[in-house]
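Input: a single structure, listed below in C-alpha cells.
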Amino acid sequence: MSQTPLIQDEYIEAPGRRILARLQSENDAGRPTVGLYCCFAPLEIIWASGAVPVGLCATSQRTISKAETVLPANLCPLIKSSFGFIFTETCPFYNISEVIVAETTCDGKKKMFELIKDLKPTLVLELPQMPEEETSFQRWLESVGQFKSFLEEAFSREIGPQDLEKAIQEANRRRSLLLEIIGYAKYDPPLINWAEVKEITALAGMFAGREMIEFLVRIGRLLADRRRRASTEERRPLPRIMVTGCPIGGDAEKVFQVIEDLGGAVVAQEACSGLKPLWFNIEEGTADPLAAIARRYFYLPCSCMTPNSRRLTYIDELIETFRPDAVIDVILNGCHTYNIESHLIKKHVTGKFGRPFLKLETDYSEGDLGQLQLRIGALLEMVKG
Ligand code: SF4
Ligand code: SF4
C-alpha cells in the first residue's frame with residue numbers, strides 16, 4: 001500500500017534545521033530553550049516556565065573519536081557522542097540552549113556532566129537510586145523543587161501552581177493523542193512505522209500549546225484515513241518486533257532499519273527514545289501539582305534504579321498492547337545497567353510470554369551491520385516459522 005506521508009507541513013523538510021529555526025523564533029519571542037538528555041527532566045516545569053525543552057545531540061558516531069581524546073573509549077556511545085558534540089561545539093541545540101538540565105543516572109553520565117557543567121548554567125537533578133523507598137521520594141521532590149527555582153531564577157519568572165497545572169493538563173492531552181497515533185502500530189501489519197513515530201514524538205516532546213494539539217489531531221485524521229483505505233486492501237502480516245533496552249536514535253537506528261529491511265516491523269519501542277515518556281500520565285487537579293509531577297517522574301522505570309521492578313510491569317503492558325512476535329533487547333556497548341538487566345528481561349519475556357528473545361550489543365558504528373543482519377534475519381525466519 002502506498003502511504004501518504006504523515007508529516008508534510010512545516011516540520012518535515014530537513015527536520016533538524018526547521019526545528020532549530022523554530023527554536024530560534026521561539027527564543028526571539030521570549031521563550032528560551034532548555035537543553036536536556038534524559039527522560040527524568042520534568043518537561044511540564046519547563047513548559048510552565050515559558051521555555052521550550054530540547055533533547056541534545058547524542059546519537060552520532062561522528063563526534064566519538066574527538067570525545068575519546070578525553071573520555072575512556074569503553075564508555076557507552078551515547079555519553080561519548082553527547083560529550084563529543086559539546087567538545088567540538090557542533091550541537092546546535094546545545095548552542096541555542098540557555099540552560100541545561102542534567103541528572104544523576106548512570107555513573108558515566110554523572111561524571112561526564114562534571115566536565116561540561118561550567119560551560120552553561122546547568123542543574124543536576126539528584127535522582128534517588130531506590131525508588132521504592134518513600135524517603136527517596138522526599139529527596140526527589142526537593143530536587144524537582146530546586147529545578148523549578150533554577151528555571152525561575154534563570155528566566156526571571158515565577159512558576160505558580162496554576163502554570164504547573166495547565167502544563168500538566170496539556171502534556172497529558174498530548175500524551176493521549178500521541179498514544180492514539182502510536183496505537184496504529186497495533187494493526188497487522190502496522191499502519192505507522194518507527195520513523196514516523198520518532199518524528200512525531202520528537203516534535204510533541206518540544207513544542208507545547210494549541211498548535212501542537214492541532215498538529216497531532218491532524219496526524220490522527222491522516223491515520224484514520226490510512227486505516228479506511230487499508231481495510232479495502234489485502235495486506236500481508238509482518239513479523240512484529242518489540243525493541244527494548246537502551247535509548248536508540250541516530251546511528252543506532254541501524255537496528256530498526258535492519259529489522260525493516262529484512263521484512264519485520266518495529267511495533268513498539270520500550271526505551272526513553274520510544275514509548276516511555278508517553279506511557280505514564282500525571283495526576284491532574286491535585287492540591288500540589290509540583291508533587292504530582294515529581295511523583296510521575298519518580299515512577300519512571302530506568303535501569304539506573306534498584307530494584308527496577310516497574311520496568312517488568314511496563315513491558316507486560318507493552319506486550320499485551322502491541323502483541324509482538326519477538327523481543328529484541330538492544331544494549332549499547334558499555335551500558336552495564338541495561339546489559340545486566342537484560343538477563344531478567346529475557347527470563348521474563350520468554351518465561352511469562354513465551355516470546356523469542358534476542359539480545360544485541362551494538363554501538364554507533366557500521367562495523368557490526370553484517371552481524372546484525374545475520375542475527376536479526378535468523379530471528380525473523382524463526383518467527384515466520
Ligand atoms: S535510560 Fe534512564 S538514564 Fe537513560 S535517558 Fe532513559 S531515563 Fe535517562
Ligand atoms: S545507555 Fe546506559 S550507559 Fe549510556 S547513558 Fe544511558 S544508562 Fe548510561
Side-chain angles (χ1 to χ4, degrees), residues 15-16 36-39 54-68 71 73-86 88 90-91 93 105-106 108-109 112 185 193-202 205 241-262 264-277 302-304 311 318 324 326-342 345 357-377 379-380:
L36 52 92
Y37 285 107
C38 173
C39 234
V54 67
L56 301 176
C57 299
T59 57
S60 169
Q61 174 71 14
R62 188 157 45 91
T63 58
I64 286 188
S65 58
K66 281 278 189 280
E68 285 175 350
L71 298 176
N74 61 357
L75 268 184
C76 108
L78 199 151
I79 301 173
K80 288 189 289 188
S81 176
S82 47
F83 178 77
F85 270 105
I86 293 170
T88 55
T90 49
C91 173
F93 302 112
T105 50
C106 65
K109 251 188 176 179
M112 185 273 278
N193 66 27
W194 65 268
E196 292 171 326
V197 167
K198 173 192 139 171
E199 280 176 17
I200 297 165
T201 49
I241 304 299
M242 172 161 131
V243 177
T244 55
C246 295
I248 299 180
D251 288 342
E253 285 168 1
K254 63 186 173 180
V255 175
F256 297 156
Q257 201 56 58
V258 171
I259 295 171
E260 201 170 86
D261 291 348
L262 295 178
V266 178
V267 294
Q269 204 207 133
E270 176 228 352
C272 299
S273 46
L275 282 151
K276 202 196 291 181
C302 173
S303 65
C304 299
R311 184 171 176 209
L318 294 184
V327 172
I328 296 184
D329 200 30
V330 178
I331 307 298
L332 294 175
N333 286 340
C335 178
H336 304 315
T337 55
Y338 276 104
N339 203 344
I340 294 168
E341 267 190 18
S342 186
I345 304 302
F357 176 92
L358 174 66
K359 172 178 164 183
L360 297 173
E361 288 179 61
T362 189
D363 57 19
Y364 292 170
S365 74
E366 293 191 344
D368 61 355
L369 257 182
Q371 204 196 69
L372 290 176
Q373 283 160 344
L374 207 68
R375 298 188 65 203
I376 293 172
L379 179 79
L380 294 178

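When reading the values below, keep in mind they use all heavy atoms of this one structure, side chains included, and skip hydrogens, waters and symmetry mates.
In this structure D251 satisfies the salt bridge (Lys or Arg N to Asp or Glu O under 4.0 Å) test with no other residue, sequence neighbours excluded. For E260, there are no salt bridge (Lys or Arg N to Asp or Glu O under 4.0 Å) partners at least two apart in sequence or on another chain. By the side-chain contact (heavy atoms from CB on, under 4.5 Å) test, S303 is found to be paired with N308, T337, Y338, E341, residues two or more places apart in sequence or in another chain being considered. Listed by chain and residue number, F87 satisfy the ring-ring contact (aromatic ring centres under 6.0 Å, His included) test with F83 (two or more places apart in sequence, or in another chain). Partners of K276 by salt bridge (Lys or Arg N to Asp or Glu O under 4.0 Å), not counting sequence neighbours: none found. With sequence neighbours excluded, the residues forming a salt bridge (Lys or Arg N to Asp or Glu O under 4.0 Å) with K198 are E253, listed by chain and number.
A salt bridge does not link D261 to K254: none of the charged side-chain nitrogens sits closer than 4.0 Å to a carboxylate oxygen.
Here the CE atom belonging to M242 is positioned 10.0 Å from the CD atom belonging to Q269, to the nearest 0.5 angstrom. Note that CD1 of I331 and OG1 of T244 are 7.0 Å apart. Values are rounded to the nearest 0.5 Å.
Taking each heavy atom of G334 and C76 in turn, the nearest pair found is C-CB, 4.1 Å. For the residue pair C57 and F93, the shortest heavy atom distance occurs at SG-CD1, 3.8 Å.
With hydrogens and angles ignored, the 3.5 Å screen pairs a side-chain donor or acceptor of R375 with a backbone N or O of K359. Listed for the N193 side chain is a donor-acceptor partner under 3.5 Å among the backbone atoms of E196.
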